[in-house]
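One structure is given below, encoded as structure tokens.
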Amino acid sequence: MSPRPSWPTIVWHAIRPRTLPLSLSPILAGSAVGWVESGVLRLDVTLVAALSTAAIQIGTNLQNDAADTLNQTDSAERIGPVRVTERGWLTPRQVMAAAYGAFALALFCGLYLVAIGGLPILVLGILSVLAGYAYSGGPFPISRGPLGELFVIFFFGLVAVGGVVYLYTGSISPPALVMGVTLGLPAAAVLLVNNLRDREGDREAGRATLAILLGPVGSVWLFGGLLAGVALGLLGMVAFGVPWTGAALGLAVLPFGVRIWRALMGAASGEDYNQCLARTGVFQLLLALVAGAGLVVGAYLHGAA
């Protein structure tokens, strides 16, 4: 057992704040799309949706921490970031209780969103919480198989972006769906890098993640394919015409993604993979901010013309 650090340090490692761009980026992008379509900025929707999705992300992280220690996927030899249960700083029961508390907070925030969006938002909210639990829990944890990346694209892309747009406008438009997929692809890339780093330990634990099935070379090329998908998604937004052409501003972020891809090709240590993982999260956040800003500015200029 490692020496127990301070509570702020334990909490930091337990909730993994560096992963939060996965949940916050699609909320920002969805808000930009909703703002353009409705002409109104709903800060209440954006902030409550961001809190709800962040709570789901934190709950998923906490449950994953405890579950991977209980099923012996994580050990003292892991090369990834610290896991508080594996270090003995908290018990799996304590971490699981915190996870359920995070999921409860997400549902509580969701009540406000349900009051705005009605039954469709209720269904999406319940499915999102259940998916967060099923990632590491239940009889067939998603994290142990090859479908994790698809899961991330769906829930951290389509559902998150589409749900926010629905709250703004009462419908989900084709541009909202394209933006959802576009934001989901870098989120999937984050998971891919994470699993690529952990592939040896995961294989020994009986997992069959996509990174294990593809191997290092195939996984790196898939990362490049996800970047290409982001470019196609942004060009797809342009195809909808004005004001959606503003999303093309997000193409300015792609060189940063390409640099991450090149670094991933030469990654040889856990620290190399950790840096690529963190930078991929930043890439997704920048993509949401820049493409979203392009949409809003484009809509404003179109309206002023």
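Please read all numbers here as calculations on a predicted model, not as lab measurements. All values below were derived from every heavy atom in this structure, side-chain atoms included, with hydrogens, water molecules and symmetry-related copies excluded.
- In the hydrophobic clustering of ILVMFWY residues, with side-chain heavy atoms under 4.5 Å counting as a link, L287 and L249 come out together.
- V164 places none of its side-chain heavy atoms less than 4.5 Å from the side chain of P26.
- The heavy-atom pair separating P21 from Q284 by the smallest distance is O-OE1, 3.0 Å.
- In this structure, R83 and H13 have side chains that are not in contact, with every pair of non-hydrogen atoms separated by 4.5 Å or more.
- With a 4.5 Å cut-off on side-chain heavy atoms, L222 and L214 count as touching.
- When each of V193, L192, L196, D272 is tested with L277 by the rule side chain to side chain contact (heavy atoms under 4.5 Å, CB included), just one qualifies, namely V193.
- When all heavy atoms of I27 and A160 are compared, the closest pair comes out as CD1-O, 4.3 Å.
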- N64 and R16: CA distance, side-chain angles, deciding distance, side chain to side chain contact (heavy atoms under 4.5 Å, CB included) verdict: CA-CA 11 Å; N64 178 253; R16 310 179 204 174; 3.0 Å; yes

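- Transitive grouping of hydrophobic side chains (ILVMFWY, heavy atoms separated by less than 4.5 Å) brings M265 and L227 into a common cluster.
- Ring pair F283/F256 is tilted by interplanar angle, where 30° to 60° counts as tilted.
- A ring-centre distance under 6.0 Å is not found for W7 and W89.
- Contact check for L167 versus L113: side-chain heavy atoms found under the 4.5 Å cut-off.
- Under a hydrophobic clustering in which Ile, Leu, Val, Met, Phe, Trp and Tyr are joined whenever their side-chain heavy atoms come within less than 4.5 Å, directly or via other members, L234 and W261 fall into the same cluster.
- Contact detail for Y168 and S31: the closest heavy-atom pair is OH-CB, 3.8 Å.
- For the side chain to side chain contact (heavy atoms under 4.5 Å, CB included) with V95, the lone residue among V84, I10, N61 that qualifies is V84.
- By the criterion of side-chain heavy atoms lying less than 4.5 angstrom apart, applied directly or through intervening Ile, Leu, Val, Met, Phe, Trp or Tyr residues, L226 is not grouped with I212; the two fall into different hydrophobic clusters.
- Side-chain contact between R199 and P216 is present, with heavy atoms from C-beta onward closer than 4.5 Å.
- Using a 4.5 Å heavy-atom cutoff, the side chains of F156 and T53 are not in contact.
- Looking only at side-chain heavy atoms (C-beta outward), Y273 and N194 stay at 4.5 Å or farther from each other.
- Taking hydrophobic clusters as Ile, Leu, Val, Met, Phe, Trp and Tyr residues chained together by side-chain heavy-atom distances below 4.5 Å, V114 shares a cluster with I126.
- With contacts defined as side-chain heavy-atom distances shorter than 4.5 Å, the pair L295/M179 qualifies.
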